[in-house]
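The block underneath contains the structure these notes are about, expressed in structure tokens.
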Protein chains: 2
Amino acid sequence: MIKAAETGNDRSVTQTVRAQLALRDLVLRGELNPGERVSELQMVERLGVSRTPVRMALVRLEEEGLLEAIPSGGFSVKTFSEKEVFEAIEIRGTLEGLAARLAAERGASRTDLRNAADCLDAIDEVMRRNPADIDLLRYVELNARFHNILIGMADSQALARQLERVNALPFASPSALVPVQSRSPEMNYILSVAQDQHHCVLMAIERREGARAEAIMREHARIAHRNLERALTNQRDMELVPGSVLIKRRIRA
Amino acid sequence: MIKAAETGNDRSVTQTVRAQLALRDLVLRGELNPGERVSELQMVERLGVSRTPVRMALVRLEEEGLLEAIPSGGFSVKTFSEKEVFEAIEIRGTLEGLAARLAAERGASRTDLRNAADCLDAIDEVMRRNPADIDLLRYVELNARFHNILIGMADSQALARQLERVNALPFASPSALVPVQSRSPEMNYILSVAQDQHHCVLMAIERREGARAEAIMREHARIAHRNLERALTNQRDMELVPGSVLIKRRIRA
DNA sequence: CGCTTCTATTATGTATACATGATGCTCCAT
DNA sequence: ATGGAGCATCATGTATACATAATAGAAGCG
């Protein structure tokens with residue numbers, strides 16, 4: 001078995017990064033039982049790197065929020081309650097709202113505005129081309145791109161950093177809960193609403209309407225709340241959410 | 001020279017933590033030139049621990065935002081523009097606003113409300129006892145406590161984590177810019193306004209007025225903006241701000 | 001039969017050695 | 001004098017050995 005090909009073992013990537021990516025994957029795929037300790041030595045065996053890069057990866061994943069420090073030492077896989085997931089989404093909405101307000105108040109660059117508009121055009125195209133069977137993968141990609149452009153328009157490193165941290169929780173990122181809709185008859189309806197919010201926030205930013213831009217982005221994130229609610233009532237929907245294995249579900253009727 | 005006494009070298013604290021604290025101190029006191037690389041080996045000499053804990057500390061301080069990763073490897077002391085400091089304060093205000101709103105909407109516990117009220121009473125006392133020469137140290141301590149109680153009332157681990165990260169930038173934390181006022185004739189006036197906001201936000205939370213609570217905390221953070229503006233125009237005021245050495249000042253008239 | 005205690009194992013924290021790549025300096029040539 | 005090339009030094013990434021603390025399991029005692 002050639003590990004090199006599998007893990008992308010070229011010289012340009014450090015063992016630490018490789019370990020970090022591999023470990024994140026293990027956590028998100030649920031191959032490391034949530035709540036359980038992550039043994040360094042086991043990871044050494046499993047990832048094929050020595051303890052040092054494994055330790056570095058563990059520390060970084062803790063900062064990322066996917067692991068939790070054990071008081072007596074070491075790390076365990078973090079678990080999230082439904083409440084925490086909701087809150088993470090609310091935080092994202094709040095920070096994206098701030099980004100939109102700053103962008104509006106300060107004024108976005110012409111190129112940013114054009115890129116955003118192009119991105120929205122592309123989403124419109126996706127939704128128009130084949131309404132009965134929307135290319136969700138492309139939608140997700142374009143959606144993520146739009147959100148990133150928006151963050152860029154705020155022109156604030158500090159804010160971008162904070163949002164990076166929120167989005168590190170995979171189920172909190174802008175596109176995480178979109179696929180949940182794929183099984184819903186309302187999908188097109190909800191996507192239309194979301195896309196309208198995209199258009200509206202961009203318009204608000206162009207017109208320097210900070211308060212409006214902020215309010216829209218906050219409400220926009222709450223679509224994710226609705227999708228989460230749906231996923232929580234349906235296991236099959238839940239499986240479409242990345243990192244869902246980390247969410248400990250409440251018992252539901 | 002007994003290092004043990006100086007650095008608190010007892011067994012209950014790991015070398016990593018010790019290195020982290022010592023390094024943070026070095027950075028904040030400006031003993032490591034902003035922008036320059038932080039050499040591991042030099043830190044090994046300077047802190048008296050081996051490379052491993054130094055490395056761990058470096059990684060953690062990077063996540064904290066005080067260091068910056070150098071593309072070719074290693075870390076450098078981060079510098080902040082005035083704009084970034086303003087933005088960090090704005091982010092804190094936004095998140096504290098979210099905390100206040102959540103506290104109001106969800107309802108705070110009786111004990112939290114009492115603790116908050118007691119804290120405000122204590123601040124009132126500080127300001128009443130000796131208006132001509134306010135005990136700023138105590139004010140700062142009580143102020144920090146109130147803000148922490150408020151964050152606790154939101155009852156959100158995720159939000160608390162995010163705020164921890166913002167406050168890790170020493171000049172962005174709630175009490176960082178308070179001492180700047182000490183040289184100002186308006187100090188008492190500004191402190192009164194701030195304290196009134198404290199009272200108002202607590203009232204709003206008690207009455208479940210989420211939007212008001214949020215708006216107040218946002219505006220409350222902007223007092224720090226004003227203080228920062230003052231500090232930026234006066235080098236002697238600036239020296240009172242922790243971590244101010246990391247802020248690269250614009251030339252001013 | 002349950003609880004405590006002791007022990008053995010394994011975990012992490014730490015130090016250090018080694019290899020490779022980056023950085024800066026000197027010396028040479030133009 | 002200035003620019004570039006080569007070299008030496010240093011810095012980091014990585015692996016590993018060692019020590020100590022935590023943990024689990026077994027055995028013995030009540």
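Within every chain, numbering begins at 1; the chains are lettered A, B, ... in the order of the sequence lines, protein sequences first and strands thereafter.
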Item to check | Distance in angstrom units between E36(A) CD and dT23(D) P, rounded | outcome: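 Answer to the nearest Å: 14 Å.
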Checklist entry - Roughly, in whole Å, what's the span from CE in M43(B) to C1' in dT12(D)? => result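 The answer, rounded to whole Å, is 15 Å.
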Next on the checklist: Checking F86(A) now: which residues fulfil ring-ring contact (aromatic ring centres under 6.0 Å, His included) with it, not counting sequence neighbours?
Outcome noted: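 Counting only residues at least two positions away or on another chain, F86(A) forms a ring-ring contact (aromatic ring centres under 6.0 Å, His included) with H225(A).
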Quick one: list whatever passes side-chain contact (heavy atoms from CB on, under 4.5 Å) with [X], sequence neighbours left out.
X	value
A57(A)	A19(A), Q20(A), L23(A)
A69(A)	E62(A), F75(A)
A224(A)	I89(A), R92(A), L177(A)
A122(A)	R138(A), L142(A)

Can you give me every donor-acceptor pair (side chain of residues 149-159 of chain A, partner residue at least two apart or in another chain, under 3.5 Å) with its distance?
unit_1: S156(A); atom_1: OG; unit_2: L159(A); atom_2: N; d: 3.1
unit_1: S156(A); atom_1: OG; unit_2: E87(B); atom_2: OE1; d: 2.9

Checklist entry - Just to confirm, is there a sub-4.0 Å distance from OP1 or OP2 of dT23(D) to any side-chain nitrogen or oxygen of S72(A)? => result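 It does, given that an N or O in the side chain of S72(A) lies less than 4.0 Å from OP1 or OP2 of dT23(D).
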Item to check | Per-nucleotide protein contact string for nucleotides 6-11 of chain D, where B marks a base within reach and S marks sugar-phosphate only (heavy atoms under 4.0 Å, - for neither) | outcome: -----S
Checklist entry - Tell me the ring pair (Phe, Tyr, Trp, His ring centres under 6.0 Å) pairs involving residues 153-172 of chain B, sequence neighbours left out? => result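 For residues 153-172 of chain B: F80(B)-F171(B).
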Next on the checklist: For R114(A), give me all partners under salt bridge (charged side-chain N to carboxylate O under 4.0 Å, His left out), at least two apart in sequence or on another chain.
Outcome noted: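 None.
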Item to check | Set of salt bridge (charged side-chain N to carboxylate O under 4.0 Å, His left out) partners for E84(A), sequence neighbours left out | outcome: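 For E84(A) there are no salt bridge (charged side-chain N to carboxylate O under 4.0 Å, His left out) partners, ignoring immediate neighbours.
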Checklist entry - Is the shortest side-chain N to carboxylate O distance from R60(B) to E64(B) below 4.0 Å? => result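 No.
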Is there any protein nitrogen or oxygen under 3.5 Å from a nitrogen or oxygen in nucleotides 15-18 of chain C, and what are the pairs?
unit_1: dA15(C); atom_1: OP1; unit_2: Q15(B); atom_2: NE2; d: 3.2
unit_1: dA15(C); atom_1: OP2; unit_2: S50(B); atom_2: N; d: 2.9
unit_1: dA15(C); atom_1: OP2; unit_2: S50(B); atom_2: OG; d: 2.7
unit_1: dA15(C); atom_1: O5'; unit_2: S50(B); atom_2: OG; d: 3.3
unit_1: dA15(C); atom_1: N7; unit_2: T52(B); atom_2: OG1; d: 2.6
unit_1: dT16(C); atom_1: O4; unit_2: T52(B); atom_2: OG1; d: 3.4

Item to check | DNA chain D contacts made by residues 54-70 of chain B, counting heavy atoms under 4.0 Å | outcome: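 Within residues 54-70 of chain B, the residues near DNA chain D are R55(B).
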